[in-house]
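The next block holds one structure in the form of structure tokens; read it before the comments.
Lettering of chains follows the sequences in order, A, B, ..., and the numbering in each one begins at 1.
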Amino acid sequence: MPAVEMEGIFKVYPDGVVALRGVTLRVEEGEIHGLLGENGAGKSTLMRILYGEIKPTEGRIKLFGREVNFSGPWDAIRHGVGMVYQHFTLVPTFTVLENLYLALLPLNPDITPEEVRKLAEKKMEETGLRVPLGEVVENLPIGVQQRVEIIKALLQNAKILALDEPTSVLTPIEVEELFKTLRELKKEGITIIFITHKLKEVKEITDRVTVMRRGEVVGTVNTGEVSEKDLARMMVQREVVMSLQKSPANPGEVVFRVENLKVRDEAGIEAVKGVTLELREGEVLGIAGVQGNGQRELAEALAGIRLPHDGRIIFEGRDVTSLGAAERYKLGIAYVPDSRKVGLVGDMKIVENVILTNLPRVTSSGRIMWDAAESLSEEVIKRFDVVAPSVKAPIKHLSGGNQQKVMVGREIVREPKVFIVAEPTQGLDIGATEFIRRTILNLRDSGKAVLLISTDLDEVLQLSDRIAVIYEGRIMAVGRPEEFTLERLGLLMGGVDA
Amino acid sequence: MLSVDRESILEVLMSLIIAFAVGTVVLVVLGYDPIRVYSILFKYGYGNTDYLLKKSTPLLLTGLAFSVPAIAGVFNIGGESQLYVGAITALLVAHYTGSAIPAVIIGTAAGALLGLTIAALRVYRNINEVITAIMLNWTFFYFIAYLVSAKYANPKVPHESVPVPPGARIGGIFFIAVLTALTYYYVLHFTEIGYKMRVSGVSPQSARYAGFSPEKMVLTSMLLGGAAAGLGGALLVLGATYTIDTTLSAIYGIGFTGIGIGLLGRNNPVGIIFSSLFMSGLIIGGQWVELKTGAPPELADTLIGVIVIALAVPYAYRLLMKKVGQRGSAA
Amino acid sequence: MIDEILVILSNTLASMVPLVLAGVGEIITERSGVVNIGLEGIFMASAFTAAVVTFYTGNPYLGLLVGLLVGLLAGTLHGAISVYLRGDQIIAGVGFNSLAYGLSLLGLVSLWHSHGSSPPVNKMPMLTVGRLSIPPLSIVAVLVGIIAWWWLYKTPSGLRLRACGEDPRAAEAMGVNVNRTRFYATVIGAGLTGLGGAYLVVGWIGQFTKFISAGRGFIALANVAFSNWNPLMAIVGGILFGLFDALAIYAPIKIQESTGRIITAESNLFRTIPYLATLIVVTLIMKKVKAPRALGKPYIKE
Amino acid sequence: IGGESEKEKVKVAVLFDVGGRGDLSFNDMAYLGAERAKEELGVEVEYMTPKSSEDMVPLLKQLAESKEYDLLVLIGFLWTTPLDQVADQYPDQKFVLIDSTTGKTRENELDILFREQEAAALIGVIASGMAYELGGDTIGAVAGMDIPPLWKFHIGYLFGAKYFEMKTGKPVKMIWQYTGTFGDTQVGYNTGMQLLQQNVKVIYGLAGLTHVGMFDAVIDWNEQGKGQAFAVGQDASQEWYAPKYIPISGSKRVDTAVYDAIKMVVDGNWKGGIMTLGLKENGVGYWDLDGVRQFAEFAKEAGKLKDMTPDDVVNIVKEQREKYIKPEVWEIVKELETKIKNGEIVFKTPQSHDEYEQIINELQKGNLNAALEKGSVS
Ligand SMILES: Nc1ncnc2c1ncn2[C@@H]1O[C@H](COP(=O)(O)OP(=O)(O)OP(=O)(O)O)[C@@H](O)[C@H]1O
Ligand SMILES: Nc1ncnc2c1ncn2[C@@H]1O[C@H](COP(=O)(O)OP(=O)(O)OP(=O)(O)O)[C@@H](O)[C@H]1O
Ligand SMILES: [Mg+2]
Ligand SMILES: [Mg+2]
């Protein structure tokens with residue numbers, strides 16, 4: 001009997017966006033079912049419907065053969081549906097334990113926090129997914145928050161577990177652990193729906209996969225019977241280049257030097273503990289590491305958003321340590337943050353987002369020249385192939401991939417000398433990913449220096465000319481990509497000298 | 001960039017229609033003749049242009065005093081005291097110098113300074129602006145009452161402060177207020193500083209990323225907001241009352257009303273020009289409703305309350321229109 | 001001397017009740033993510049109805065109950081507007097203040113042909129502890145504060161309520177019905193405020209007057225910020241303000257009594273004491289603001 | 001007569017103070033006067049409450065321009081300057097200003113002032129006498145804002161207390177508290193409590209709705225057995241509010257002033273100028289039992305007197321007065337009253353805050369003549 005049958009699902013969002021146009025999804029009990037599709041294909045929408053968070057405009061849902069009509073997520077939880085969202089649904093100001101407690105209450109109103117603690121500890125034991133129960137969620141690295149999400153769903157005794165891009169922020173080791181867990185769960189008869197943009201993962205973990213495109217289902221196939229290429233073709237309906245052609249690097253002068261940099265995080269704890277780095281023109285230096293090992297603080301210190309309490313930053317021979325972000329941007333440093341929530345102002349128009357870091361270009365004596373701003377935005381849209389109705393559309397109406405393109409594009413049109421970019425392709429589909437990576441390499445080829453911070457090891461290996469591994473705010477090793485195997489990287493990222 | 005938002009204008013019109021419809025129901029329930037009440041309200045409320053413009057002036061400015069900080073993410077409930085200090089300093093400067101220009105400037109500066117103080121307490125001492133503003137409102141109320149009755153009383157009219165000397169009295173105050181609103185509109189939408197305030201208001205973290213400090217924008221917005229209220233106070237005494245009575249009846253309450261006006265104007269300076277006129281008309285007209293119908297003056301308050309509440313829920317109307325539309329198309 | 005302190009104390013307790021009840025109520029509301037600045041209006045409406053009911057029944061407790069009910073009703077209105085109709089919460093509050101004032105006064109005029117005050121009504125008797133008189137509701141207010149704190153921080157439903165104010169999307173995903181929770185939090189908060197409004201009449205001065213709230217709704221709002229959204233601190237805030245208020249009245253009287261000095265215009269300066277002193281205390285104690293993250297923002301699911 | 005009386009009805013607009021009606025004293029008294037005129041003189045009366053003093057000038061202008069009203073009655077001193085600004089522009093419009101004066105004499109403007117000092121002085125004597133009957137020596141007042149009419153009350157009240165002291169040799173202490181508000185009943189209550197705690201035995205209410213809160217404090221003080229104390233009302237007869245504890249009220253006949261002004265227009269004997277009303281003209285004083293009965297009846301009609309009849313009110317008041325205002329005190333009152341009515345002594349009206357404070361300070365020292373413009377007491 002199929003565990004999930006979603007039939008003829010239509011979804012029109014209140015503002016008229018048609019996200020799903022008659023989707024039929026059938027997931028067998030006890031299988032791991034992949035869901036694949038470009039950005040905006042409707043995967044998340046479909047899952048939100050399954051989880052009762054939003055109602056379908058049309059269509060029927062059956063769980064284990066029985067028709068259901070959820071009044072809300074709590075209803076879905078009671079029916080054994082668990083969900084790990086792409087954007088976490090944890091209360092950021094509560095502790096992990098409080099979040100878990102909150103999550104278990106709908107199932108067992110009499111449960112006590114102590115019992116939840118015991119359950120959680122047992123579950124952590126079983127799965128190897130460790131989370132600090134007493135910590136406030138927002139103080140945890142994103143990777144850990146994701147683990148909390150998974151633990152949460154497991155604790156809710158989900159019979160059907162949907163995970164929306166769960167691997168995008170995990171290390172290879174963690175991914176392996178997750179997969180182990182998922183297989184374990186599968187053995188216990190739990191049905192899993194697994195969304196990812198990574199074909200490799202689809203091949204590795206799923207039994208069957210449904211491919212979606214523009215709100216419709218392209219088809220469902222047995223994973224064993226198709227190749228990655230086939231899947232990619234189904235997804236984008238064209239041939240995809242699966243590997244990037246990369247010309248050899250041609251490094252020049254050192255443009256950026258960081259000496260013994262020490263930076264504190266919001267809580268005042270030293271997150272970067274003496275980092276020394278050199279960055280040359282025409283090279284990509286990749287920083288690999290698990291989320292929350294000081295990458296963000298390092299990047300923000302380099303960009304001038306956060307002041308280091310020790311160490312020096314030298315740009316083109318000039319000490320810029322005490323300069324603020326705006327001044328550094330003017331000198332030719334650019335920074336793309338790891339979060340669109342930070343880099344973009346969702347409620348504002350595209351053009352207003354484009355000028356965020358380009359103010360000097362579009363202002364004259366304090367006045368904004370909107371004509372200039374608009375043509376700059378047009379340029380970004382054109383050069384980076386952003387799909388947008390107009391530069392005056394709110395940026396939040398763009399799909400994630402297009403938002404990312406705007407965020408990266410507006411930095412590149414400035415022709416920065418040093419380009420610091422964090423998680424440039426997180427959550428992007430292969431088309432968009434390919435495009436952004438290409439852009440980064442082009443930048444390098446034109447002689448710019450690129451600092452790439454990424455938790456995606458494939459990305460780091462593929463793009464970098466040199467790689468530095470960061471662990472707990474320290475650089476563990478620096479070297480050329482050939483010097484690292486995936487395994488060695490994994491060990492280094494876990495703090496083991498190798 | 002000067003894109004007049006068609007939809008939101010439609011929304012406001014729709015809200016107004018519903019507001020008056022609800023008002024009609026309330027009037028009928030209370031036993032008044034709605035046609036008569038409304039006709040008096042409009043005839044007298046909006047019939048005396050000179051009065052309307054004068055009345056709107058300080059309200060427009062306290063509306064700005066609420067909205068400009070609101071755009072940068074600050075809840076300025078202190079327009080009240082910012083207007084007080086603007087009024088009293090302008091009055092005293094006019095009294096001593098005999099001319100209006102320094103009075104306007106210093107009154108505006110005084111309001112700005114007070115706004116800045118509230119913002120500084122929030123930025124540097126973490127003190128919520130709501131508490132500071134409410135406490136300062138009353139502190140200044142009594143302090144100014146003290147000044148007016150004990151230090152700067154008019155020797156000829158003992159219940160009033162010294163008057164603004166004839167040479168310092170000014171006309172056309174509404175146009176100064178409108179000019180201020182347009183300037184603020186320009187600042188918000190056409191200048192770097194305005195853009196930075198808007199970004200800071202919705203997403204302080206984006207501001208920090210872009211290299212400017214949202215805290216500075218909090219300070220700036222309160223400076224501008226306070227300045228507007230201070231100017232409101234200055235124009236009120238220099239152009240309308242020429243004095244402050246010891247009961248402070250001339251200056252009390254304008255800041256609070258400004259909050260509603262700012263919000264009804266959808267925090268848009270141009271919108272606030274209209275909302276201040278609209279609200280002033282209701283207030284003026286309300287007085288005449290009492291005179292002409294014998295209804296208690298509070299009938300006007302009730303009606304204003306109903307109208308304001310009805311203006312708070314544009315979403316409901318959109319929902320309603322949609323429902324109606326759906327039923328229409330289904331049939 | 002002892003007697004003077006006792007009167008100051010008793011005045012403090014009398015002034016503190018509405019500030020604590022409304023403050024705690026508003027904390028509950030705001031913790032769920034809804035702002036209700038219509039406290040002034042709720043005071044008016046519940047004070048008026050409490051006066052009416054007490055006058056006609058002679059029973060102040062009934063008046064109290066009705067004040068509570070009217071508060072709940074006001075909360076229902078505000079909850080419906082801000083939660084289900086996604087209205088602008090501030091506009092709705094501003095409007096409600098005006099509406100409640102207007103309606104109460106219209107009621108006053110039609111019932112008693114008075115534009116200013118109701119006739120005197122029966123009051124709840126004071127508790128006397130030795131020579132100290134305590135309004136019974138001051139004890140209730142303190143208890144309400146403690147219970148609210150316990151509820152918000154020590155019970156599952158309190159946790160859920162706070163989750164709605166911090167991150168409604170997450171709360172919803174964890175099985176909390178955000179809209180319903182917010183709605184009820186608004187209703188309960190307004191109910192407590194209504195109790196405070198009724199107290200003004202049946203617990204304090206024994207009649208309704210047109211300025212009966214006299215800005216206390218806004219002081220209660222300030223008390224919310226003072227307390228950093230913590231009901232226990234709201235008790236402290238209410239007592240502190242009440243104490244400063246009592247001292248501001250006491251000081252000039254005592255000075256006149258003991259020195260024979262006449263205080264005229266300077267009385268205005270004494271009136272600034274409660275406000276300035278409160279502000280100074282806040283400046284001294286405030287560290288990290290813990291306002292709910294999603295405060296004032298309507299929750300839109302899709 | 002036919003032709004004459006068929007003429008259009010006289011139409012009057014009464015413009016209240018910013019606070020508007022409902023203060024149980026000043027504005028409500030004005031309303032009473034106008035309503036009486038409506039009934040007895042058959043005039044048409046309309047009422048208006050301005051939102052703020054900012055509204056006064058434009059409203060006056062518009063009303064005058066409409067030529068609809070034979071008389072505009074302006075209640076309260078806030079109208080002074082606005083009236084001064086517009087009166088000359090509308091020579092055909094008659095204005096009457098109650099409780100203040102523009103200081104100018106105009107044909108179309110009548111200013112009616114009260115000599116509050118005279119009433120307050122009598123109340124001061126009575127309060128002092130009652131304080132001694134209640135076993136104390138301190139009287140007090142809960143005053144509203146520091147404004148000219150209250151200055152006059154203050155001077156009179158203190159004068160009365162000192163006069164009592166002079167006549168009887170019994171020292172009297174007076175505590176005067178400005179609350180800064182006419183509308184905050186709770187502040188009135190707490191102020192009352194503090195005064196009572198300082199052994200004040202009789203409190204004079206001079207703060208509109210604020211002092212109604214003081215009444216409640218006095219009631220509670222007595223009924224909670226903390227002591228015995230009285231309150232005194234002002235403007236209207238407020239004894240009905242708690243006849244047992246409010247044995248007397250000062251009067252300020254705003255109603256008569258309004259009525260008389262309207263009557264002048266109706267009778268066609270209008271005369272502009274400045275008029276002051278004191279004891280002699282019955283403009284101020286204290287309410288006799290007839291007055292008490294009348295206001296008790298008003299209260300009854302409005303449904304405010306619950307368990308009592310107006311008769312009960314009068315009887316209780318009568319009893320309390322007999323018990324606590326001794327004949328020797330009445331004697332002093334009468335004597336002072338006579339002196340004032342004869343014009344033997346005339347009180348000063350302070351023209352500035354400084355002068356006011358100066359007078360009070362002198363009075364405090366026992367220099368009674370400092371309060372007098374004419375005559376002297378010894
Ligand atoms: N709340 C919303 N309101 C309006 N439109 C929405 C909303 N959420 C999603 N959409 C639109 O619905 C479509 C499907 O979005 P969805 O998030 O389901 O895509 P997805 O397949 O999960 O994409 P991704 O791979 O980027 O996660 C997109 O066009 C998107 O713009
Ligand atoms: N109000 C809206 N109107 C139209 N589209 C919207 C609206 N809100 C969100 N979207 C779109 O809905 C989609 C789903 O939102 P979501 O935040 O999950 O982004 P996403 O595309 O899945 O990107 P990512 O993978 O980086 O999270 C996005 O494509 C976003 O652009
Ligand atoms: Mg998605
Ligand atoms: Mg995505």
Going by atom type alone, with no hydrogens or angles, which donor-acceptor pairs under 3.5 Å involve a side-chain atom of residues 126-135 of chain C and a protein atom two or more places apart or on another chain?
| residue | atom | partner | partner atom | Å |
| --- | --- | --- | --- | --- |
| Arg131(C) | NH1 | Asp3(C) | OD1 | 3.4 |
| Ser133(C) | OG | Lys226(D) | NZ | 2.5 |

Residues 213-220 of chain D, side-chain donor-acceptor partners within the protein, below 3.5 Å, at least two apart:
| residue | atom | partner | partner atom | Å |
| --- | --- | --- | --- | --- |
| Asp216(D) | OD2 | Tyr241(D) | OH | 3.2 |
| Asp220(D) | OD1 | Lys123(C) | NZ | 3.3 |
| Asp220(D) | OD2 | Lys123(C) | NZ | 2.4 |
| Asp220(D) | OD2 | Tyr189(D) | OH | 2.6 |

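Using a 4.5 Å cut-off between heavy atoms, Gln224(D) contacts chain C through its side chain alone, with no backbone atom that close. Residue Asn27(D) does not touch chain C at all, counting heavy-atom pairs closer than 4.5 Å. Neither the backbone nor the side chain of Leu108(C) comes within contact range of chain D; no heavy atoms are under 4.5 Å apart. With a 4.5 Å cut-off on non-hydrogen atoms, Phe55(C) touches chain D through its backbone and its side chain both. With a 4.5 angstrom heavy-atom cutoff, Gln186(D) touches chain C via backbone and side-chain atoms both.
Atom NZ of Lys348(D) is surrounded by more than 12 heavy atoms from other residues, nucleotides or ligands within 6.0 Å.
Heavy-atom pairs under 4.5 Å with chain D peak, among Leu200(C), Thr264(C), Val7(C), Val109(C), at Thr264(C). Per-residue heavy-atom pair counts under 4.5 Å with chain D were compared for Arg261(C), Arg271(C), His113(C), Glu4(C), and the maximum is reached by Glu4(C). The most heavy-atom pairs under 4.5 Å with chain C, out of Thr181(D), Val212(D), Asp28(D), Asp23(D), come from Val212(D). Note on Asn190(D), Asp146(D), Thr179(D): by heavy-atom pairs under 4.5 Å with chain C, the leading option is Asn190(D). Options Ser118(C), Pro125(C), Ser117(C) differ in how many heavy-atom pairs under 4.5 Å they form with chain D, and the most are formed by Ser117(C). In terms of non-hydrogen atom pairs under 4.5 Å with chain D, the most contact-rich of Ser114(C), Gly206(C), Ala265(C) is Ala265(C).
For residues 193-201 of chain D, a heavy-atom distance under 4.5 Å to chain C picks out Met193(D), Gln194(D), Leu195(D), Gln197(D), Gln198(D), given by residue number. Close approach to chain D, defined as a heavy atom under 4.5 Å from one of its heavy atoms, is seen in Ala246(C), Ile249(C), Tyr250(C), Pro252(C), Ile253(C), Lys254(C), Gln256(C) of residues 239-256 of chain C, taken by number.
When all heavy atoms of Gly303(D) and Pro119(C) are compared, the pair lying nearest together is O-CG, 4.3 Å. Summarising the geometry of Phe211(C) relative to Gly183(D), their closest heavy-atom pair is CB-O, 3.1 Å, with the distance given to 0.1 Å. Looking at every heavy atom in both residues, Ala214(C) comes nearest to Asp184(D) through CB-OD2, 3.3 Å.
In this structure the side chain of Glu257(C) reaches within 4.5 angstrom of the side chain of Lys173(D), judged on heavy atoms. Using a 4.5 Å heavy-atom threshold, the side chains of Ile262(C) and His154(D) count as touching.
In the model, Gln207(C) has no side-chain atom that pairs as donor or acceptor with a side-chain atom of Thr185(D) under 3.5 Å.
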Hey, mind stepping through Ile263(C) and Tyr178(D) against side chain to side chain contact (heavy atoms under 4.5 Å, CB included) and telling me if it holds? CA-CA 8 Å; Ile263(C) 293 175; Tyr178(D) 280 115; over 6 Å; no

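For the pair Lys210(C) (side chain) and Arg21(D) (backbone), a donor-acceptor distance under 3.5 Å is present.
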